[in-house]
J.: 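Quick one: this structure, given as structure tokens, is what I'll be asking you about.
Note that the numbering runs from 1 along the sequence shown for the chain. Counting starts at 1 for both ligands and their atoms, following the listed order.
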Amino acid sequence: MTAADSSNSGRSPGNRPLTELPGVGPQVAARLKALGLECELDLLFHLPLRYEDRTRITPLNQVRPNTTVQVQGRIVHQEIRYGRSRMLLATLADDSGQVMLRLFRFFPSQLRQLKEGARVRCFGEARFGPGGFELIHPQVTSLGRDNGPPLPESLTPVYPTTQGLAQANLARLVGLVVTRLSQGSIRLPDPLPQASDAPPLDQALLTIHAPGPNEDLAALVDGHHPAVQRLATEELLAHHLALARLNQARARQRAPVLKDEKGLGSRLLASLPFKPTSAQSRVIGEILADLAGKRPMRRLLQGDVGSGKTLVAAAALVVAAAAGRQAAIIAPTEILAEQHFRTLSAWLEPLGLTLVWLAGKVKGKARRQALEALAGPADIAIGTHALFQAGVEFRDLGLIVVDEQHRFGVHQRLALTAKGQRGRLLPHQLVMTATPIPRTLAMTAYAGLDVSVIDELPPGRKPVTTVAASQSRRDQVIERLKTALADGRQAYWVCPLIEESDVLQAEAAETRSVELARSLSGFKVGLVHGRMKPADKQQVMDDFGAGRIRLLVATTVIEVGVDVPNASLMMIENAERLGLSQLHQLRGRVGRGSDQAACVLLYRPPLGEMARARLEVMRETTDGFVIAEKDLELRGPGEVLGTRQTGMLRFRIADLARDADLLDSVHGLAAKLDARAQNLIIERWLGQAEQFIDV
Ligand code: ADP
Ligand code: MG
């Protein structure tokens, strides 16, 4: 199905473009569009984040601390207090008592609104302050002489919005559409069979947008309410149906048959200083079977950090080259791509294969030569996303390997597939990730991919010992580091992002490297960050690899794939700011050699609850699967997969961790629906996004 088809058929009667609603000019329309909202149905399916109870007024003598309240009365006193900064204090009184309103920043209009004698309604969280109860920065409505606008009869939903689109305006627009739904002016076909324990679709939407005062609010918010479950079921169903279609379409696709008649693979294995683990051998077997088939391989290779995915990739690359086609391997960072280039050159050039390196920074003559080779004699291309940019042509691309897949956008992957298309033939694809995919996600997000797992590390690896230490103990940590360096060990010191900007990141790392070089005089300290010239970066990595640099200070550029077995210590600063999978990736840089490796997570107190939980998990386990499950629990699936940016898997209401138990009934429902009902559901929930599910 093309995007054009789905947007046309999605515009059924009673589903007007939002520009036809009152008060939606070009500017508001643009903001709505940024939220993915273009027609009335989009608004109906734009669901609240949370609710506020504005159905009642709390008398002032019944205000309790740490509750959200709505109060109203008369301002009896106003003053501006000058301390470290200016502050507006106003006392609100009703017949029963008083509270203080406290504003740290305010406009002249607010001074007027809260002047003595004014009648106002306020909504906000009550706290216990120095002089009794107070509301800090409440939302204020002026009342005039009467009692003000009537109180809403249902809970007030709060919607996700974007800068420049006021919550009130967005809520007003949703309200208009919800009213039209309740009056029957919007038709919303309900394709699911009526279930006894679930409300019909329109009822579920009305409950979610305008819950009555007696609705179970907690269940609505945590998602166990039947109305939420009704919508989540339909959304999961939409994904399931779309994937089933994708699989049908794939059954008709063709790919080049790749077989290693020359026995290059065995020669590769014979040349290595180690034997593949049995998990590596099994996985290589699965991949080779796919490549020898007529259908394009779509395989996800999961293997924890350090499990040896590069060798598996190499085995696949060799088969494509032996079959006379080309193969490409892309990595998310230049450091990693370059490391692959060196490893793979050492392994594959002796077999007589031609390898080509391409990254964004390859310019001029070198680039021209690389492009000529890709369009001609090259067997294997290694690089970054530069490989799938315009102007890069392959002679005959039969296999694409994507390393650390969660770092790439789906669009980029599709672009590379397109480059490999030859008539009806599509290239094979192998996607590698160190982020284990929890079972619930594997069932849905990756239902279109076959999965291979390397569930064994090369022999001799010892789990990394991990401790957490407050930043205040940094001097002690440096002392210990000194002893370790004196013992001949090598170490990483990671300064992860404190600021979003890579300039500031680089500066922070630079400052730290100078300080550390001073405290560790006698040992050579190196620095690597994303803003260095590739050649300089490479020099530093080479020096570290060869042991000339003893301590490497780095930003998170070293997160993926960097492989220096001698390094057995890692210090991570600001560890409390990093996510679990990032910490796991970073820590995976050590523990690759024979020394017992250690990792110190330096944090800046006080620790928030989430950060404390993350550090705890890191101290307790080195098992990537356990870490991924915890990550899912703490953060939710969209972020675990890094799909927030890639647009691959965006659920509006379903939550895979919460709704895993719905998946069985979803499969049952799918079997009962006819093609029309299936189309309707796919379009309603996925619309144009459907094409992006194809990974
Ligand atoms: P990852 O799965 O994280 O990409 P790598 O492919 O970088 O792991 O492998 C990690 C290290 O283990 C490399 O130094 C690699 O050469 C080594 N290695 C891979 N397979 C084996 C094996 N079967 N036996 C011993 N060492 C291996
Ligand atoms: Mg790797």
J.: Could you tell me, atom by atom, which parts of ligand 1 come under 4.0 Å of a heavy atom of K275?
T.: 22 (C), 23 (N), 24 (N)

J.: Would you call L264 and L353 a side-chain contact if the rule is heavy atoms closer than 4.5 Å?
T.: yes

J.: Answer yes or no: is there a side-chain heavy-atom contact under 4.5 Å between V356 and I380?
T.: no

J.: For the pair V305 and H584, evaluate side-chain contact (heavy atoms from CB on, under 4.5 Å) and give the outcome as yes or no after the intermediate values.
T.: CA-CA 8 Å; V305 179; H584 180 60; 4.1 Å; yes

J.: Just jot down the ligand 1 atoms closer than 4.0 angstrom to any heavy atom of T277, in number order.
T.: 23 (N)

J.: Identify, by atom number and element, the atoms of ligand 1 in contact range of V305, meaning under 4.0 Å from any of its heavy atoms.
T.: 3 (O)

J.: At under 4.0 Å between heavy atoms, which part of M432 makes contact with ligand 1: side chain, backbone, both or neither?
T.: neither

J.: If I take atom CG from residue L269 and atom CD1 from residue I284, how far apart are they, to the nearest 0.5 angstrom?
T.: 6.0 Å

J.: Could you check whether any heavy atom of G306 sits closer than 4.0 Å to an atom of ligand 1, since that is the contact criterion I want to use?
T.: yes

J.: Salt bridge or not for R282 and D455, using N-O below 4.0 Å?
T.: yes

J.: Quick one: pull up CE in M571 and CG in L602 and give me the separation to the nearest 0.5 Å.
T.: 8.0 Å

J.: Looking only at distances, please establish whether an N/O atom of ligand 1 is found under 3.5 Å from an N/O atom of K309.
T.: yes

J.: Which of the numbered atoms in ligand 1 are under 4.0 angstrom from any heavy atom belonging to Q280?
T.: 19 (C), 20 (N), 22 (C), 23 (N)

J.: Passes side-chain contact (heavy atoms from CB on, under 4.5 Å), R342 versus Q538? Steps please.
T.: CA-CA 11 Å; R342 287 190 301 154; Q538 198 50 56; 3.2 Å; yes

J.: Can you check which of D304, L272, T310 brings a heavy atom nearest to atom 6 (O) of ligand 1?
T.: T310

J.: Using heavy-atom distances only, which candidate in P276, S281, G308, A279 approaches atom 8 (O) of ligand 1 most closely?
T.: G308

J.: Return yes if a side-chain donor-acceptor contact under 3.5 Å exists between E573 and W493, otherwise no.
T.: yes

J.: Could an N or O of ligand 1 be found under 3.5 Å from any N or O of P458, whether backbone or side chain?
T.: no

J.: In this structure, does ligand 1 have an atom that sits under 4.0 Å from one of the heavy atoms of S307?
T.: yes

J.: Quickly, which of V431, I287, L301, I329 forms a side-chain contact (heavy atoms from CB on, under 4.5 Å) with V401? Name it, please.
T.: I329

J.: Which is it for E456 and ligand 1 at heavy atoms under 4.0 Å: side chain, backbone, both or neither?
T.: neither

J.: So is R461 touching ligand 1 or not, going by heavy atoms under 4.0 Å?
T.: yes

